[in-house]
Amino acid sequence: MSGQAIGLKRRDLLKLIAAGVAVPSAMVASGCVSTGSKTAGHIVVIGGGFGGGSAARYLKRYNPDLAVTMIEPKTSYITCPGSNWVIGGEAKMATITHDYKAVRNNGVTVVHDTVKSVDTTAKTLQLAGGKTLNYDKVVVSPGIDFKWNEIEGATPDIAAKTPHAWKAGDQTLLLRKQLQAMPEDGTFIMVAPPNPFRCPPGPYERASMVAHYMTQYKPGARLIILDQKDEFSKQALFMQGWKENYGERIQWIAKTDGGEAVGIDADKKVVRTTLGSFEGDVINYIPPQKAGQLAQDMGLADKSGFCPINQKTFASKQINDVYVIGDAAIASPMPKSAHSSTSHGKIVAANIVLEMAGEPTIAAKNVNTCYSLIAPDYGISVAAVFDMVDGEIERIEASRGISRMDATRQERRLEANYARGWYRSITDEVWG
Ligand SMILES: Cc1cc2nc3c(=O)[nH]c(=O)nc-3n(C[C@H](O)[C@H](O)[C@H](O)COP(=O)(O)OP(=O)(O)OC[C@H]3O[C@@H](n4cnc5c(N)ncnc54)[C@H](O)[C@@H]3O)c2cc1C
């Protein structure tokens with residue numbers, strides 16, 4: 001392959017990445033961004049969520065000659081986006097459940113197993129099922145795990161009684177069942193986590209969906225949010241939406257106003273805060289978070305619990321030929337979201353393809369959009385584009401968009417429809 005040909009291919013790839021679009025399959029089929037070698041290398045992607053799913057598919061799109069293996073224990077993935085809608089009775093579990101057929105059809109080898117350990121010197125991975133795999137580069141996207149025991153009584157086993165529902169699946173259904181079973185004038189207590197955590201508007205969308213359910217089935221019930229922080233994402237919009245849709249049903253207590261939890265008794269359903277004790281019929285304790293356990297075991301995380309990366313390429317700052325994306329990575333000021341994770345997946349894929357072709361890496365733009373439903377016909381959103389400035393991700397202030405406080409009911413209705421449209425398109429991009 002001539003240097004000129006490589007140059008052309010690089011330009012084509014860069015144009016497409018800059019435009020934020022996928023490489024058209026016709027171009028991929030013609031080998032335009034290929035290294036031209038059938039032994040282009042083996043990339044292993046750990047985790048089949050938004051980050052891993054996007055990285056695997058885009059690695060294959062950008063260079064079909066790469067061997068790409070994804071390791072994911074679950075045979076179907078249940079998304080956290082949309083799971084608050086399920087809790088509020090506005091969506092079915094089947095709608096938020098996706099299989100890996102399309103990922104396989106895109107040429108990715110999907111192995112349903114758990115990575116037990118990674119030998120980053122020998123460049124091998126050990127799977128719980130007993131297999132060992134070699135890799136040239138590995139992309140780690142294991143999502144989050146929880147910091148238990150940060151307050152008295154918050155041991156891992158309490159999730160069976162006070163569900164966090166912060167990983168979608170059985171926990172989502174358990175929280176929904178508890179909500180359905182609570183008395184008509186009952187109290188639902190949410191302990192919202194401290195920063196940084198997965199999905200900054202997530203707890204407040206959940207509160208909205210729970211309140212929506214209560215207006216239909218538990219008319220006398222109320223919801224108290226005990227927050228581990230003093231402000232939250234889209235706060236003014238949420239507060240306004242809560243008042244308009246639910247009156248005084250939702251009470252939010254900031255950390256310094258006494259919301260800070262100091263203990264939990266899961267059997268008695270009591271949360272103790274700096275203000276006093278709160279007794280509920282349902283307790284939704286969402287613990288503080290850290291990068292998924294594998295990232296901790298691999299030595300990829302720092303004191304914060306998350307993984308420092310080169311924010312241009314998503315390469316780990318700790319270990320060579322290891323990349324960390326999604327919620328596990330420190331990609332601030334990007335929020336930890338499905339949209340961000342999918343964006344990371346595309347950028348890491350492009351840079352790995354370029355590196356493996358001996359080309360310089362690129363500084364691509366990242367994107368995030370977060371929709372939230374306050375009611376089924378009342379949506380709000382925030383969006384931003386992020387650029388690289390001096391090797392760090394920085395939000396382009398002029399790109400920031402947030403729903404207007406004075407929007408009409410019709411605009412809120414439209415945004416609610418966009419939220420459902422966003423869900424369909426982002427899941428289609430990864431699993432469709
Ligand atoms: C209630 C809620 C609502 C949300 N709503 C939105 C929303 O509306 N919009 C939005 O953009 N984001 C939303 N999010 C955030 C979004 O779910 C996460 O940011 C996103 O899932 C992160 O992607 P990820 O790939 O980092 O992790 P995940 O999607 O969690 O994927 C990680 C995968 O890694 C696998 N894994 C872990 N360890 C191993 C191992 N050792 N071996 C193999 N596989 C492993 C896991 O099984 C998992 O499937 C929401 C989150 C919550 C909790």
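Indexing begins at 1, ligand by ligand and atom by atom, following the structure's order.
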>> Applying a heavy-atom cut-off of 4.0 Å, say which part of Arg198 lies close to ligand 1: side chain, backbone, both or neither.
In response: side chain
> Which residue owns the protein heavy atom closest to atom 34 (O) of ligand 1, what's the atom, and how far is it?
Replying inline: Gly47 CA, 3.3 Å
>> Between Glu415 and Ser381, do the side chains contain a donor N or O and an acceptor N or O under 3.5 Å apart?
In response: yes
> Going by the order shown, which atoms of ligand 1 are within less than 4.0 Å of some heavy atom of Lys336?
Replying inline: 19 (O)
> Does Lys167 approach ligand 1 within less than 4.0 angstrom via side chain, backbone, both or neither, non-hydrogen atoms only?
Replying inline: neither
>> Any salt bridge linking Lys312 with Glu392? Criterion: basic side-chain nitrogen under 4.0 Å from a carboxylate oxygen.
In response: no
>> Suppose I only count heavy atoms of Pro73 and a 4.0 Å limit; which atoms of ligand 1 are within that range?
In response: 43 (C), 44 (N), 45 (C), 47 (O)
>> Can you report which non-hydrogen protein atom sits closest to atom 20 (C) of ligand 1, along with the distance?
In response: Asp327 OD2, 3.8 Å
> Which heavy atom of the protein is the closest neighbour of atom 38 (N) of ligand 1, given with residue, atom name and distance?
Replying inline: Pro142 CB, 3.8 Å
> Looking only at protein heavy atoms, which one is nearest to atom 29 (O) of ligand 1, and how far off is it?
Replying inline: Tyr77 OH, 2.4 Å
> Which residue and non-hydrogen atom of the protein lie closest to atom 40 (C) of ligand 1, and at what distance in Å?
Replying inline: Val115 N, 3.7 Å
> With under 30° as parallel and over 60° as perpendicular, where do the rings of Trp431 and Tyr100 fit, or are they tilted in between?
Replying inline: perpendicular
>> Against ligand 1, does Tyr423 come closer than 4.0 Å with any heavy atom?
In response: no
> For residues Thr342 and Glu429, is any side-chain donor paired with an opposing acceptor at under 3.5 Å?
Replying inline: no
>> Distance check, rounded to the nearest 0.5 Å: Glu411 atom CD versus Ser403 atom OG?
In response: 9.0 Å
> Side chain or backbone of Asn84 under 4.0 Å from ligand 1, or both, or neither, by non-hydrogen atoms?
Replying inline: side chain
> Do Ala338 and ligand 1 have an N or O pair less than 3.5 Å apart?
Replying inline: yes
> Is Trp166 close to ligand 1, meaning an N/O of one under 3.5 Å from an N/O of the other?
Replying inline: no
>> Whether Lys229 and Glu231 form a salt bridge (side-chain N of Lys/Arg under 4.0 Å from carboxylate O of Asp/Glu) is what I want to check.
In response: no
>> Please check whether Glu205 reaches ligand 1 - meaning an N/O of the residue sits under 3.5 Å from an N/O of the ligand, judged on distance alone.
In response: no
> Tell me, do Ile151 and Tyr285 make a side-chain contact under 4.5 Å, heavy atoms counted?
Replying inline: yes
> Could Lys123 and Asp321 be called an ion pair, given the rule that one side-chain N must be under 4.0 Å from one carboxylate O?
Replying inline: yes
> What residue and heavy atom of the protein are closest to atom 9 (N) of ligand 1, and at what distance?
Replying inline: Trp422 CH2, 3.1 Å
> Do any nitrogen or oxygen atoms of Lys74 come within less than 3.5 Å of a nitrogen or oxygen of ligand 1?
Replying inline: yes
> Counting from 1, what ligand 1 atoms have a heavy atom of Ser341 closer than 4.0 Å?
Replying inline: 22 (C), 23 (O), 26 (O)
> Is there a heavy atom in Gly202 that sits closer than 4.0 Å to ligand 1?
Replying inline: no
> For ligand 1, is any non-hydrogen atom under 4.0 Å from Asn368's backbone (N, CA, C, O), its side chain (CB onward), both, or neither?
Replying inline: neither
> Taking the side chain as C-beta and beyond, is there a heavy-atom pair between Ile393 and Ser332 under 4.5 Å?
Replying inline: no
> Starting from atom 32 (C) of ligand 1, which protein heavy atom do you reach first, and at what distance in Å?
Replying inline: Ser141 O, 3.3 Å
>> For the residue pair Thr79 / Tyr423, report whether a side-chain donor-acceptor contact shorter than 3.5 Å exists.
In response: yes
> Do Phe232 and Trp252 have their ring centres less than 6.0 Å from each other?
Replying inline: yes
> What do you reckon, does Ser83 put a non-hydrogen atom under 4.0 Å from ligand 1?
Replying inline: yes
> Considering only heavy atoms of His339, which atoms of ligand 1 have at least one such atom less than 4.0 Å away?
Replying inline: 11 (O)
>> If the cut-off is 4.0 Å to any non-hydrogen atom of Ile46, which atoms of ligand 1 fall inside it?
In response: 42 (N), 43 (C)
>> Please check: side-chain N/O of Asp377 versus main-chain N/O of Arg412, any donor-acceptor pairing under 3.5 Å?
In response: no
>> Under a 4.0 Å threshold between the charged nitrogen and the carboxylate oxygen, would Asp267 count as salt-bridged to Lys161?
In response: yes
> Considering only the protein, which heavy-atom contact is closest to atom 17 (O) of ligand 1, and what is its distance?
Replying inline: Cys80 CB, 3.2 Å
>> Only heavy atoms of Ile71, strictly under 4.0 Å: list the atoms of ligand 1 that pass.
In response: 43 (C), 44 (N)
> Any nitrogen or oxygen of Cys199, main chain or side chain, under 3.5 Å from a nitrogen or oxygen of ligand 1?
Replying inline: no
>> So if I count the atoms of ligand 1 from 1 in the order they appear, which ones are less than 4.0 Å from some heavy atom of Gly143?
In response: 26 (O), 27 (O), 30 (O), 32 (C)
>> Do Lys336 and Phe306 form a cation-pi contact, if we require the NZ or CZ to be under 6.0 Å from the six-membered ring centre and within 45 degrees of the ring's axis?
In response: yes
> What's the verdict on side chain to side chain contact (heavy atoms under 4.5 Å, CB included) for Lys167 and Asp145, showing C-alpha distance, side-chain angles and the deciding distance?
Replying inline: CA-CA 9 Å; Lys167 291 187 182 190; Asp145 265 304; 3.0 Å; yes
>> For Leu175, run the side-chain contact (heavy atoms from CB on, under 4.5 Å) check against Gln180, Arg206, Met190, His164 and tell me which one passes.
In response: Arg206
> In terms of atom number and element, which parts of ligand 1 are under 4.0 angstrom from non-hydrogen atoms of Arg206?
Replying inline: 1 (C)
